[in-house]
Amino acid sequence: MNSRSTARSFPLTGESAGVTLREIPLPPYVTAEDAQFAVRAVVVHAPWRWSGGTVCRNDASPHPCRLHRWGTRVLALRGLHAADIAALIERGDPAAPLPPRSTA
């Protein structure tokens, strides 16, 4: 019997191996509290220009980091458009109230 472990191969999806394994799971339904956490995540983990490229303002990991991606997905599930999320980031207030849901 061989004592060496076998390397597991992952399908190539254009992202580094294992990125999808590290995604933060979405809640089954988005509550107001989840949405407020998501606002905080996208504002605190906003993009920041650096000499090596765009990084997360909070932890200097490549942008978008896990929490920024999670927050963006939660806010999209809550009904916010990309422009609404960008306005929240521009405002820079992690405790900002959510804009009203669009009816369209």
Side-chain angles (χ1 to χ4, degrees):
M1 186 172 208
N2 191 352
S3 64
R4 295 175 63 196
S5 62
T6 305
R8 177 182 263 186
S9 63
F10 293 98
L12 296 176
T13 60
E15 296 180 344
S16 60
V19 167
T20 57
L21 297 177
R22 293 181 279 152
E23 288 294 336
I24 300 169
L26 294 173
Y29 54 91
V30 180
T31 64
E33 186 179 32
D34 294 328
Q36 204 57 53
F37 282 134
V39 169
R40 184 170 180 80
V42 296
V43 171
V44 170
H45 295 269
W48 187 34
R49 290 258 183 221
W50 193 250
S51 60
T54 305
V55 297
C56 171
R57 182 172 59 195
N58 187 59
D59 59 12
S61 63
H63 186 78
C65 67
R66 287 181 343 143
L67 282 170
H68 188 88
R69 290 191 307 264
W70 175 84
T72 301
R73 291 190 332 256
V74 168
L75 293 174
L77 286 174
R78 185 73 177 182
L80 272 68
H81 299 287
D84 298 327
I85 297 170
L88 285 169
I89 294 169
E90 183 69 29
R91 185 172 175 186
D93 181 8
L98 289 172
R101 292 187 198 188
S102 62
T103 57

Query raised in the report: If you look at every heavy atom in D84 and P99, which pair is closest and at what distance?
Result: CB-CG, 4.3 Å
Report summary line: For G92 and P94, the nearest pair of non-hydrogen atoms, with its separation, is O-CD, 3.4 Å
Report task. Report, as yes or no, whether the 6.0 Å neighbourhood of atom CZ on R40 holds more than 12 heavy atoms from other residues, nucleotides or ligands. Result -> no
Report summary line: G71 and V42 have their tightest heavy-atom pair at C-CG1, 3.6 Å
Report task. Please check if the side chain of H68 supplies one atom and the backbone of H45 the other of a donor-acceptor pair under 3.5 Å. Result -> yes
Requested in this report: To the nearest 0.5 Å, tell me how far L98 CG sits from L88 CG.
Outcome: 7.0 Å
Query raised in the report: Can you check whether I24's main-chain N or O pairs, donor with acceptor, with R66's side chain at less than 3.5 Å?
Result: no
Report task. Please confirm whether the backbone N or O of V43 pairs with a side-chain atom of R57, one donor and one acceptor, at under 3.5 Å? Result -> yes
Query - Distance, nearest 0.5 Å, that separates CG of L75 from CH2 of W70 - result: 8.0 Å
Query - For the student: nearest non-hydrogen atoms of P64 and R69, plus distance - result: O-NH1, 2.7 Å
Query raised in the report: Can L67 be reached from L77 by stepping across I, L, V, M, F, W or Y side chains whose heavy atoms are under 4.5 Å apart?
Result: yes
Query raised in the report: Sub-3.5 Å donor-acceptor pair from the side chain of E90 to the main-chain atoms of I85, do we have one?
Result: no
Query raised in the report: Are I89 and V44 joined in one hydrophobic group, where the rule is that I, L, V, M, F, W and Y side chains link up if heavy atoms are under 4.5 Å apart?
Result: no
**Report entry** Residue pair Q36 / A96: nearest heavy atoms and the distance that separates them
**Finding:** NE2-O, 2.9 Å
